[in-house]
There are 2 protein chains.
Amino acid sequence: MPESEWVPPSVLIAVDLMVLTLRGPHLYLLLIERGIEPMRGQHALPGGFLNHDREELLTAARRELREETSIDLDSVHLELLGVYSKPDRDPRGRVVSMAYLAIVPRLGDPQAGTDAAGARWHRVSAVLDGSLQLAFDHLDIVTDGVERARQMLETTTLATTFCSPQFSLSDLQEVYEAVWGGPVDTRNFYRKLRRSEGFVVPAGPVRQGAAGRPARLYRAGPGTSLYPPMVRDSLIHSRSEE
Amino acid sequence: MPESEWVPPSVLIAVDLMVLTLRGPHLYLLLIERGIEPMRGQHALPGGFLNHDREELLTAARRELREETSIDLDSVHLELLGVYSKPDRDPRGRVVSMAYLAIVPRLGDPQAGTDAAGARWHRVSAVLDGSLQLAFDHLDIVTDGVERARQMLETTTLATTFCSPQFSLSDLQEVYEAVWGGPVDTRNFYRKLRRSEGFVVPAGPVRQGAAGRPARLYRAGPGTSLYPPMVRDSLIHSRSEE
DNA sequence: GCAATAGTGTCTGTAAGACAATATGTT
DNA sequence: AACATATTGTCTTACAGACACTATTGC
């Protein structure tokens with residue numbers, strides 16, 4: 001430890017975003033195709049460096065997303081997912097990245113921006129099963145993000161964030177099934193919703209222009225936490241060891 | 001956005017540690033008295049900057065703790081608590097700090113190190129109620145850390161980390177009461193432990209040299225997660241709104 | 001025997017898990 | 001009438017919440 005001349009090393013701070021949404025019955029995430037080196041042409045999470053040394057991390061995250069994908073998350077909650085900091089994770093030097101998780105309702109297609117040759121929705125399953133490879137350590141981030149989303153659906157009312165302002169209970173059930181990756185019993189699910197104060201509140205009387213019996217519509221309620229939590233039906237909690 | 005000449009701003013990376021332990025029936029945390037500017041003389045969490053630009057964050061955290069308090073956490077789990085990054089949080093410039101939570105068994109007193117005029121255990125309650133003020137935004141970190149510890153006691157077998165290798169069930173109950181800040185019903189607590197596979201396993205037959213009936217001793221079991229979770233007795237889950 | 005701490009059993013209410021039939025629209 | 005989707009009820013089981021007494025040691 002040098003005494004007088006040592007200065008802390010300088011490190012680059014990055015923000016990366018994992019933006020999740022639902023398309024049909026499947027979970028999708030937003031990826032760009034990198035337009036600049038390194039890893040040009042590879043798929044990656046949207047993100048980038050701080051602009052200046054007084055920029056807030058959340059501001060930078062929203063700015064990068066806007067620049068790269070033309071998506072505006074100003075009113076969307078960003079949740080800190082983790083810090084990714086392995087010394088060799090980026091060839092440009094030491095880069096410490098804060099990953100944020102965002103969840104958005106069903107949206108239109110994003111548009112490619114300055115630093116991205118392309119920005120598109122991809123199926124999460126394609127990333128997780130390795131058929132779509134990501135740059136850097138972004139697979140780690142995606143893995144963590146999916147697990148986080150699953151947990152949050154258990155204990156918070158986050159699921160409504162996947163839905164349009166007005167939604168039916170089937171829509172909401174579909175969210176759970178997509179994120180959890182398995183079927184949910186409708187009757188138990190409805191009962192749970194009825195007993196969960198503040199999860200959903202009835203909205204405009206009814207109806208959908210589709211086939212079958214029209215569905216009652218709801219809006220997201222004022223509640224944020226779910227107690228008791230929503231439980232994944234026959235989930236394997238057996239492993240009490242790691 | 002300048003095109004060719006712009007370089008990302010350089011930022012200092014810090015690590016801070018919140019080390020929790022139990023002393024008697026109370027929750028304590030480790031604080032140093034700052035030996036250097038800024039905020040010399042004030043109480044703060046142990047921590048510091050990365051040493052060089054290839055140092056792992058966890059390595060840096062353990063190194064700083066060793067330097068400042070002579071406590072060795074090599075075998076202790078460090079849990080990322082959060083990222084603290086407000087632009088004005090440190091007068092030396094832009095400092096982004098990763099806070100880690102560590103939990104240690106009842107220990108002896110730490111010793112002051114190079115950068116710390118003193119390192120001592122302080123009651124968490126004194127920090128939370130404002131009677132002990134901390135430097136920087138370390139109060140935020142402590143607040144988050146306590147809440148995190150409370151949650152982790154609900155869903156993981158973390159509580160055993162507060163105990164010596166061999167402990168009685170009363171010892172464990174005392175951990176819950178200290179962290180949760182209220183009484184726990186002994187009978188329900190014992191029942192819960194019996195039904196939780198892998199939480200604790202019986203150790204050396206028995207006994208304690210103290211008064212009263214000798215206690216059976218246990219060791220931490222192989223389990224890490226608790227399902228169903230341990231619930232704080234009459235906790236206010238009523239607020240389903242924020 | 002008294003003090004001190006360790007350990008246990010029962011009743012009740014809430015909610016999860018499993019399971020199938022009915023209601024209300026459209027074509 | 002046939003189809004498609006929405007909605008609801010019962011029985012059983014697991015577990016939390018409340019609550020008080022017995023057991024084992026040292027003195």
Side-chain angles (χ1 to χ4, degrees), chain A residues 24-25 153-155 163 166-177 180 182-200 202-218 225-238 240, chain B residues 24-25 153-155 163 166-177 180 182-197 199-218 225-238 240:
Chain A
L153 255 58
E154 295 183 36
T155 55
C163 300
Q166 309 244 321
F167 54 87
S168 70
L169 297 189
S170 319
D171 293 340
L172 199 56
Q173 181 178 353
E174 199 181 16
V175 172
Y176 276 90
E177 293 180 327
W180 283 353
V184 170
D185 183 273
T186 308
R187 294 161 289 188
N188 294 340
F189 184 72
Y190 276 53
R191 176 182 61 197
K192 183 69 186 173
L193 287 179
R194 259 183 267 118
R195 292 193 187 173
S196 297
E197 194 72 32
F199 195 164
V200 298
V206 273
R207 182 161 313 240
Q208 240 174 341
R213 173 175 173 178
R216 285 196 272 236
L217 294 179
Y218 296 83
S225 70
L226 232 46
Y227 187 84
M230 181 87 64
V231 186
R232 299 183 239 184
D233 261 25
S234 37
L235 188 55
I236 322 101
H237 284 111
S238 47
S240 52
Chain B
L153 254 58
E154 295 182 36
T155 55
C163 300
Q166 309 243 321
F167 53 88
S168 70
L169 298 190
S170 320
D171 293 340
L172 199 56
Q173 181 178 351
E174 199 179 19
V175 171
Y176 276 90
E177 294 180 326
W180 283 353
V184 170
D185 183 273
T186 308
R187 292 159 291 186
N188 295 339
F189 184 72
Y190 276 52
R191 176 182 62 196
K192 183 69 184 172
L193 287 179
R194 258 183 269 120
R195 292 192 188 173
S196 297
E197 194 72 32
F199 195 164
V200 299
V201 297
V206 274
R207 182 160 312 241
Q208 243 173 340
R213 173 174 171 178
R216 285 196 272 237
L217 294 180
Y218 296 83
S225 69
L226 233 47
Y227 187 84
M230 182 87 66
V231 188
R232 299 184 240 185
D233 262 24
S234 36
L235 188 53
I236 321 102
H237 284 111
S238 46
S240 52

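Letters A, B, ... mirror the listed sequences (proteins, then strands); counts begin at 1. Note that this is a predicted model, so its numbers are computed, not measured.
Listed candidates were C:dG25, D:dC15, D:dT24. Nearest to the side chain of B:P228 is D:dC15.
Applying the 4.0 Å criterion to OP1 and OP2 of C:dT8, one finds that B:R191 has every side-chain N and O outside that range. Between C:dT5 and B:S170, no contact under 4.0 Å exists linking OP1 or OP2 to a side-chain N or O. Applying the 4.0 Å criterion to OP1 and OP2 of D:dA16, one finds that B:K192 has a side-chain N or O inside that range. The side chain of A:R216 contributes an N or O atom lying less than 4.0 Å from OP1 or OP2 of D:dT8. OP1 or OP2 of C:dT8 has not a single side-chain nitrogen or oxygen of B:Y190 nearer than 4.0 Å.
The nearest whole Å value for the distance from the CD atom in A:E154 to the P atom in C:dA15 is 18 Å. Atom CG of A:L193 is separated from atom P of C:dA16 by 11 Å (rounded to the nearest Å). Atom-to-atom, CZ of B:R195 to C1' of D:dA16 comes out at 9 Å; the value is rounded to the nearest Å. Between B:D185 atom CG and C:dT8 atom P the separation is 14 Å, expressed in whole Å. In this structure, the CD atom of B:Q173 is 13 Å from the P atom of C:dT8, given to the nearest Å. Across the protein-nucleic acid pair, A:E197 atom CD and C:dT14 atom P stand 15 Å apart, rounded to whole Å. Between the OH atom of B:Y176 and the C1' atom of D:dA16 there is a distance of 15 Å, given to the nearest Å. Atom pair A:R194:CZ and C:dA16:P shows a separation of 12 Å (rounding to whole Å applied).
You'll find a donor-acceptor pair under 3.5 Å spanning the side chain of B:R213 and the base of D:dA23, going by distance alone. With hydrogens and angles ignored, a donor-acceptor pair closer than 3.5 Å exists between the side chain of A:N188 and the base of C:dA18. Side-chain atoms of B:R187 stay outside donor-acceptor range of the base of D:dA18, with no qualifying N/O pair under 3.5 Å.
Across the interface with DNA chain C, nearest-nucleotide mapping of A:P229 and A:T186 shows A:P229 to be the residue nearer the 5′ end.
Between B:V175 and B:F167, every side-chain heavy-atom pair lies at or beyond the 4.5 Å cut-off.
Note that the CH2 atom of A:W180 and the CE atom of A:M230 stand 6.0 Å from one another [nearest 0.5 Å].
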